[in-house]
**Q** 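What follows is a structure written as structure tokens; I'll ask about it next.
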Amino acid sequence: RPDGLSNGGRNNFPICPPSPCPLPKGEGTAEEVISAAVASMTDASEQAVGREASATVDPLDWADVQDSQGGDHEAYARLVRRHQQTIAAYMWRFTRQPSTWEELVHDVFVEAYLGLRGYQGRAPFLHWLRRIATRVGYRHWKSRRRQHGRETQLDDATADAAVAREEGTEASRQAAE
């Protein structure tokens with residue numbers, strides 16, 4: 001079609017003409033609607049930063065987080081009790097040694113407490129805890145890999161030294177004969 005609403009006969013789907021596509025009456029142009037939508041999203045994100053929890057955050061968690069941020073240690077203990085089993089089950093994937101596992105779970109809640117001021121309530125508290133747990137678990141794997149690498153290097157060096165001593169004593173024995 002010569003009016004620019006067809007794409008050359010390949011199919012019959014109309015394409016948008018070069019000028020802005022008008023919206024139904026009373027809505028304005030597409031640019032105006034997009035600008036209004038961006039402004040409303042900006043307002044919503046500023047409210048979330050302004051210490052209001054989003055609709056996805058459990059009200060009990062949010063109340064305890066706010067109390068904990070204010071210095072109430074019992075509120076943080078309630079958060080720990082509420083989420084400890086879930087985090088413990090999640091951390092089991094990073095180690096199968098019970099003592100290490102307990103340390104990792106403990107580390108998650110210590111890091112969460114230290115970073116509690118950064119929690120803004122944009123997502124569920126458990127999601128935030130799982131992100132911390134993942135970082136703690138990966139850090140554990142990384143340190144274990146480094147430690148295993150050092151042990152291997154030391155074992156190789158010890159073995160090399162032992163071989164050198166054996167060769168030295170063998171050479172001494174041959175010279176004595």
**Q** Under 4.0 Å between a Lys/Arg side-chain N and an Asp/Glu carboxylate O for Arg82 and Asp58?
**A** no
**Q** So, for Arg144 and Phe94, which heavy atoms are closest and what is the spacing to 0.1 Å?
**A** NH1-O, 4.3 Å
**Q** Would you name the heavy atoms of Ser143 and His140 that are closest together and state the gap between them?
**A** OG-O, 3.0 Å
**Q** Is the shortest heavy-atom distance from the side chain of Met91 to the side chain of Val136 under 4.5 Å?
**A** yes
**Q** Any non-hydrogen side-chain atom of Asp72 less than 4.5 Å from a side-chain atom of Arg78?
**A** yes
**Q** Salt-bridged, Arg131 to Glu111, with N to O below 4.0 Å?
**A** no
**Q** Is it true that the side chains of Ser68 and Tyr113 contain a donor and an acceptor less than 3.5 Å apart?
**A** no
**Q** Write down the atom of Gly115, the atom of Trp128, and the distance for their closest heavy-atom approach.
**A** O-CZ2, 3.3 Å
**Q** I'd like to know if the side chain of Asp61 pairs up with that of His83 as donor and acceptor (distance under 3.5 Å, no hydrogens or angles considered).
**A** yes
**Q** Any side-chain heavy-atom pair from Leu126 and Ile87 closer than 4.5 angstrom?
**A** yes
**Q** Mind listing the closest non-hydrogen atom pair of Ala123 and Thr56 along with its distance?
**A** CA-OG1, 4.1 Å
**Q** Give a yes or no on whether Gln85 atom CD has more than 12 heavy-atom contacts from other residues, nucleotides or ligands under 6.0 Å away.
**A** no
